[in-house]
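Worksheet: the structure to be examined is printed underneath.
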Amino acid sequence: MIQNQKANAGQNLPYIAGITLIATLGGLLFGYDTAVISGAEKSVQAFLITGQGLSTWVHGVTISSALIGCIIGGAISGVFSSRFGRKKSLIIAAVLFFISALGSGYPEFLFFEEGKATMGLLYMFNFYRIIGGIGVGLASAVCPVYIGEIAPANLRGRLVSLNQFAIIFGMLVVYFVNWGIAKGQTSEWLNNIGWRYMFLSEAIPAGLFGILLFFVPETPRYLSMVNRDQEALRILTKLNGPSTAQHILADIKNTVEHHSGKLFSYGKTVIIIGILLSVFQQFVGINVALYYAPRIFESMGAGKDASMLQTVVMGVVNVLFTVLAIVTVDKWGRKPLLMVGSVGMAVGMFAISGLAYYEIIGISTLVFIIIYTASFMMSWGPICWVLIAEIFPNKIRGKAVAVAVAAQWAANYFISATYPSMMEFSGAFTYGFYGVMSVLSLLFVWKMVPETKGRTLEEMEALWEGNPAVANEPMAARRV
């Protein structure tokens, strides 16, 4: 205990906080890029789809094209973070965000006549959206890893959870930006010009993110893996103080040197757990609740204006309960929060399923949707990213996170794409399915997911090597 107090006393909290806030801009852009389409969607349809007499299927593909980029970005994130480092990978993501913002807002650049919709222009718009999606995929994988590798063990849960807060906050910011652009304007102006400003607005936070990244360090764990130990020690000293920096570096070197770095160096279990964490985070149906919230409320009897107001209420709830997770994750632990969240999600979804079956529409529907989303935001929303950032041993973290994040975006695409057809079949069945997934997520966490609260990233190696005597003893207690 005394050793831990001394270690904590040496931490440079303002420096750690500054680095974390810059890194979480990647999360904000993640949320911004994925939600900006919500305000521009109808105008894009009017300009690029309806104007050419194209089908609603083409419209759906165009609106969801960024998700294809997200899958690609998640899949290549391991190669990028291992070859170029965590910091340079984030810089690449910032550049992709910036290019996507400019290109999506002005897809005619160089090759097409301005204001004239053609198939070539449609392809170019989708290309720029996919570029932005690749940036989202990279950021979604690398930001939590970067923060997790910078943060001291006693702060890691809270700091990585800030990334989820930034994602939700980014969505709220772009909702207000889109509203501000559209307020008081005619439909004709929005269909010709307004939607462009919505996409172009992302260039501001993207440019800021790219510039600020030049002022943050590379992570000590990556530097150690590429044999830049003196740089790693310098950064560890600045982060944790000189009294513990040498010990932390020695622990890092020990984990780095003992394994080849192949994906299954520590067995298949840790990879399967990472993939299932990602899949369950999507299969419980959260992105359906976020992406289709206005449509859900309208289908349950709310008018258009009322449905938008209810969506705003959901957004406020999301922020508040994400803050609750940030405050409690390093106190209560990861597993308790996930299990409580799974129970709350199951209650919410089974109740909504029952209401849909009996065609009961009213305030009770909103209440249970809020119970569901609040339960997710205090648990699976941020905690999944925390665990993905910390359960994998140093040597395989880049590759393993890439696999987990690619699986997450693929699951996201699957759930989002199947929702309309499932609802056409049966609303009660659809929400009941998400309720069953919530129950299965509870059983999965209970049986398979280890508690990582307070452990250094190096201690995760002991867990996966099957050395419980070492793994269960805090690393600080083993130091003399």
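- Proximity of a side-chain donor or acceptor of R86 to a complementary backbone N or O of S81 within less than 3.5 Å is detected.
- Here CG of N240 is found 6.0 Å from CD1 of I16. Values are rounded to the nearest 0.5 Å.
- With K453 contributing its side chain and V329 its backbone, the two residues share no donor-acceptor pair below 3.5 Å.
- No side-chain donor-acceptor contact under 3.5 Å links S89 and Y146.
- Not one N or O on the side chain of Y197 forms a donor-acceptor pair closer than 3.5 Å with the backbone of G105.
- When all heavy atoms of I388 and S278 are compared, the pair lying nearest together is CD1-OG, 3.3 Å.
- A distance-only check finds a donor-acceptor pair linking the side chain of T373 to the backbone of I370 [under 3.5 Å].
- A salt bridge does not link E218 with R228: every distance from a Lys NZ or Arg NE/NH1/NH2 to an Asp or Glu carboxylate oxygen is 4.0 Å or more.
- Taking the six-membered ring where the residue is Trp, W195 and F199 present perpendicular rings, their angle passing 60° and hence far from 30°.
- Checked options T322, T20, I147; the residue passing with L162 is T20 (criterion: side chain to side chain contact (heavy atoms under 4.5 Å, CB included)).
- Heavy atoms from other residues, nucleotides or ligands lying under 6.0 Å from CZ of F209 number more than 12.
- Of the N and O atoms on the side chains of N191 and S43, at least one donor lies less than 3.5 Å from an acceptor on the other residue.
- I286 and Y372 make their closest contact through N-OH, 3.0 Å (heavy atoms, listed as atom of the first residue, atom of the second, distance).
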